[in-house]
Amino acid sequence: MVMHYQTRDMEDGVPPSPETQAAIGQYMQESAMSGVLLTGEGVHSSKQGARVEVADGNVRVIDGPFAEAKELIAGFAILEVDSLAEAVEHARKFALVVGSERVDVRRVVEFDDLA
């Protein structure tokens, strides 16, 4: 799983330039056609969301927006790759395309991992 983080522009609702949108579309299409990209989505800014915090059985709901844009997920992709190195290479390329300063790469837990 690859998760990219918001930039201030993303959080402020500034859409990517038409050139960046085209580059993202091309990258996503090529990744899907090659069988690497299983699914991927972007998310709206935190202004349109909420955070649920649970402590000692108490639940608190906090409406967005949230202060630190660089700590917020902007989107994710589920990749089918053979190695962490391959996933990192896809994350590097995608970060350069979308202009994200930070992309996390994490392995998805599968049922067999729990046994």
| said: Under 4.5 Å side-chain heavy-atom separation, chaining through any Ile, Leu, Val, Met, Phe, Trp or Tyr, what else clusters with Val61? Say none if it is isolated. | reply: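 Besides Val61, the hydrophobic cluster comprises Val52, Val54, Val59, listed by chain and residue number.
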| query | Step by step, would you call Tyr5 with Leu72 a side chain to side chain contact (heavy atoms under 4.5 Å, CB included)? | reply | CA-CA 6 Å; Tyr5 289 78; Leu72 300 172; 5.7 Å; no
In chain order, what residues pass the side-chain hydrogen bond (donor to acceptor under 3.5 Å, both in side chains) check against [X], with sequence neighbours excluded?
| X | value |
| --- | --- |
| Gln29 | none |
| Asp113 | Arg107 |
| Glu101 | none |
| Glu41 | none |

| request: Give the intermediate values and the outcome of side chain to side chain contact (heavy atoms under 4.5 Å, CB included) for residues Thr7 and Met10. | output: CA-CA 5 Å; Thr7 63; Met10 289 174 191; 3.3 Å; yes
When you group the ILVMFWY residues by side-chain heavy-atom contacts below 4.5 Å and let the links chain together, are [Y] and [X] in the same group?
| X | Y | result |
| --- | --- | --- |
| Met3 | Leu37 | no |
| Phe76 | Val98 | no |
| Val103 | Leu79 | yes |
| Leu38 | Ile73 | yes |
| Val88 | Met1 | no |

So, for [X] and [Y], which heavy atoms are closest and what is the spacing to 0.1 Å?
| X | Y | result |
| --- | --- | --- |
| Gln21 | Pro15 | NE2-CB, 4.2 Å |
| Ala50 | Asp63 | CB-OD1, 4.1 Å |
| Val36 | Glu86 | CG2-OE2, 4.4 Å |
| Met28 | Gly40 | CE-CA, 4.4 Å |
| Ala87 | Val81 | CB-CG2, 3.8 Å |

| task | Check the pair Glu71, Arg102 against salt bridge (Lys or Arg N to Asp or Glu O under 4.0 Å), reporting the backbone distance first and the verdict last. | result | CA-CA 9 Å; Glu71 298 298 322; Arg102 180 174 152 202; 3.4 Å; yes
| side-chain hydrogen bond (donor to acceptor under 3.5 Å, both in side chains) partner of Ser46, chosen from Arg51, Glu11, Gln6 |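 Looking at Arg51, Glu11, Gln6, the match for Ser46 under the side-chain hydrogen bond (donor to acceptor under 3.5 Å, both in side chains) is Glu11.
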| task | Could you walk me through whether Val105 and Leu84 pass side chain to side chain contact (heavy atoms under 4.5 Å, CB included), step by step? | result | CA-CA 8 Å; Val105 177; Leu84 177 60; 3.8 Å; yes
| Worked check of side chain to side chain contact (heavy atoms under 4.5 Å, CB included) between Tyr27 and His90 | CA-CA 10 Å; Tyr27 178 81; His90 282 281; 3.0 Å; yes
| request: Enter the distance from Ser45:OG to Asp9:CG here, rounded to the nearest 0.5 Å. | output: 12.0 Å
| field | Distance in Å, Asn58 CG paired with Arg60 CZ, rounded so as to fall on 0.5 Å steps | value | 10.5 Å
| message | Suppose we screen for ring pair (Phe, Tyr, Trp, His ring centres under 6.0 Å). Which residues come up paired with Phe66, at least two apart in sequence or across chains? | response |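 Partners of Phe66 by the ring pair (Phe, Tyr, Trp, His ring centres under 6.0 Å) criterion come out as none, since no residue qualifies.
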